[in-house]
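Reviewing the structure listed below.
All of these numbers come straight from a predicted model, not from anything done at the bench.
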Amino acid sequence: MRVQFLLLLNLFAFIKLARPIFLLGGILLYWLGIAIAFAQGTSIKLLPAVIGQVMVTAIQLMAQFANEYFDMEGDLLNTHSRTFFSGGSGVLPSGQLKIELALFAAYFCAAVAVFFIAFTAFGNSLVSAIALLALLGSWFYSAPPLSLVSSGYGEFSTSLIVGLLVPLTGYILQAQRFDMPVLFICLPLMLIHWAMLIAFELPDYEADKAVGKRTQTVRLGLQGAFILHTLLLIGSFIGILISIMTFGVFAHYLWLALPLIIWQSYSYKLSLKCLGDRIKSHVLTTGAVGLFALISVLWLFGFIHAIVF
């Protein structure tokens with residue numbers, strides 16, 4: 001009975017290590033790409049859709065496990081500043097699982113992703129190239145020798161992968177082509193995702209600075225990061241307004257996200273004034289995730305609504 005209980009605890013710890021809530025974002029964006037293709041008259045092909053989703057999720061899991069492993073030193077200092085969405089899962093620093101397990105899981109997920117990338121190459125080399133780029137960018141986000149998260153380019157590269165390459169994978173697997181409107185649809189998502197990462201870095205600022213993790217927030221300083229966060233939100237606000245005017249019925253519901261963009265800017269400013277306040281940090285990071293998820297859902301709902309009705 002004791003052994004079974006310990007196995008159950010280890011299973012829950014492993015699930016927590018995988019941060020499954022972030023996987024929902026990958027699923028949502030991937031199917032947004034499929035919905036765009038469907039709205040253009042493409043018949044949905046189920047097998048490519050499933051293969052693409054497995055590939056995307058495997059890359060996401062690899063990135064999560066690798067980040068937990070390579071960011072162990074910083075996470076050890078994040079005990080008091082960790083939120084639901086920043087500072088890591090806390091599983092490895094607490095000793096719930098061996099650190100080597102995270103690296104093994106990252107390697108396993110990478111192998112799964114590589115298999116499906118190679119398999120997809122026979123039918124769609126463009127998707128394979130995109131997925132390979134996403135795989136390398138996701139691995140080297142935290143892994144040496146590049147460690148993009150400390151280079152000043154990690155936040156942009158990750159937002160490019162999540163906000164553009166993921167929906168583009170779903171779209172191209174179905175439509176068998178690249179279409180410029182997909183880029184314009186994804187641009188506000190990329191900017192919002194970038195701003196979300198900057199928000200995640202604020203509660204971790206002191207810990208990251210202490211261990212030499214040179215995120216954009218550490219590099220720019222608190223005021224510089226606030227300016228960048230504000231500019232990204234302004235850019236996304238303008239991008240959404242342009243999308244509403246350009247894509248008509250497909251972007252019909254995006255205006256619902258505009259008040260939350262304004263609130264998120266205020267929330268960051270408030271958290272900046274009260275750095276270290278856990279409640280405000282939770283509000284900031286949760287709001288950042290909520291904003292990104294809301295815009296993704298509103299895009300997806302707009303396409304589904306236009307198709308059905």
Would you confirm whether [X], through its side chain, and [Y], through its main-chain N or O, come within 3.5 Å as a donor-acceptor pair?
{"X": "Thr83", "Y": "His282", "answer": "no"}
{"X": "Ser125", "Y": "Ala121", "answer": "no"}
{"X": "Tyr30", "Y": "Ala49", "answer": "yes"}
{"X": "Ser236", "Y": "Leu233", "answer": "yes"}
{"X": "Arg278", "Y": "Arg82", "answer": "yes"}
{"X": "Asp277", "Y": "Lys280", "answer": "yes"}
{"X": "Arg214", "Y": "Val149", "answer": "no"}
{"X": "Thr158", "Y": "Gly154", "answer": "yes"}

Considering non-hydrogen atoms only, spot the tightest contact between [X] and [Y] and give its length.
{"X": "Pro188", "Y": "Gly239", "result": "CG-C, 3.9 Å"}
{"X": "Asp204", "Y": "Gly87", "result": "OD2-N, 3.2 Å"}
{"X": "Ser159", "Y": "Leu197", "result": "OG-CD1, 3.8 Å"}
{"X": "Leu291", "Y": "Ala257", "result": "CD1-O, 4.0 Å"}
{"X": "Leu17", "Y": "Ala102", "result": "CD2-CB, 4.1 Å"}
{"X": "Ala225", "Y": "Ile198", "result": "O-CG2, 3.9 Å"}

Requested in this report: Could I get the full list of side chain to side chain contact (heavy atoms under 4.5 Å, CB included) partners for Trp263, not counting sequence neighbours?
Outcome: Leu260, Tyr266, Ser267, Val283

Using only heavy-atom distances, determine whether the side chains of [X] and [Y] contain a donor-acceptor pair under 3.5 Å.
{"X": "Thr57", "Y": "Gln53", "value": "yes"}
{"X": "Glu155", "Y": "Tyr141", "value": "no"}
{"X": "Ser128", "Y": "Thr120", "value": "no"}
{"X": "Gln96", "Y": "Ser94", "value": "yes"}

Evaluate whether atom [atom1] of [X] has more than 12 neighbouring non-hydrogen atoms of other residues, nucleotides or ligands under 6.0 angstrom away.
{"X": "Phe178", "atom1": "CZ", "value": "yes"}
{"X": "Lys45", "atom1": "NZ", "value": "yes"}
{"X": "Leu24", "atom1": "CG", "value": "yes"}

Requested in this report: Sort and list the pairs that fulfil salt bridge (Lys or Arg N to Asp or Glu O under 4.0 Å) and have at least one residue in residues 58-70, not counting sequence neighbours.
Outcome: Arg19-Glu68

Can you find a heavy atom in the side chain of [X] that is under 4.5 Å from one in the side chain of [Y]?
{"X": "Thr285", "Y": "Phe84", "value": "no"}
{"X": "Lys213", "Y": "Glu73", "value": "no"}
{"X": "Phe303", "Y": "Ile185", "value": "yes"}
{"X": "Val162", "Y": "Leu29", "value": "yes"}
{"X": "Asp179", "Y": "Gln40", "value": "yes"}
{"X": "Thr215", "Y": "Arg219", "value": "no"}
{"X": "Ser271", "Y": "Leu202", "value": "yes"}
{"X": "Met72", "Y": "Pro93", "value": "yes"}

Query raised in the report: So which pairs with a foot in residues 143-153 pass side-chain hydrogen bond (donor to acceptor under 3.5 Å, both in side chains), sequence neighbours left out?
Result: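 Sorted pair list comes back empty.
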
Query raised in the report: For the side-chain contact (heavy atoms from CB on, under 4.5 Å) test, which of Leu165, Leu132, Ile172 pairs with Val127?
Result: Ile172

**Report entry** For Leu32, the option from Ile34, Leu28, Ile36 that meets side-chain contact (heavy atoms from CB on, under 4.5 Å)
**Finding:** Ile36

In terms of relative ring orientation, are [X] and [Y] parallel, tilted or perpendicular, with 30° and 60° separating the classes?
{"X": "Tyr253", "Y": "His305", "result": "perpendicular"}
{"X": "Phe85", "Y": "Phe200", "result": "parallel"}
{"X": "His193", "Y": "Phe292", "result": "perpendicular"}

Query raised in the report: Quick check, are the ring centers of Phe247 and Trp299 under 6.0 angstrom apart?
Result: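 So the answer is yes for these two rings.
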
Report summary line: One should read off an interatomic distance between Leu270 CG and Ser281 OG, to the nearest 0.5 angstrom, of 10.0 Å

Report task. Please lay out, stage by stage, how Trp139 and Tyr107 fare under the test ring pair (Phe, Tyr, Trp, His ring centres under 6.0 Å). Result -> CA-CA 10 Å; Trp139 176 259; Tyr107 284 146; 5.7 Å; yes

Report task. Carefully, step by step, assess Ser138 and Ile161 under the rule side-chain contact (heavy atoms from CB on, under 4.5 Å). Result -> CA-CA 8 Å; Ser138 298; Ile161 291 169; 3.9 Å; yes

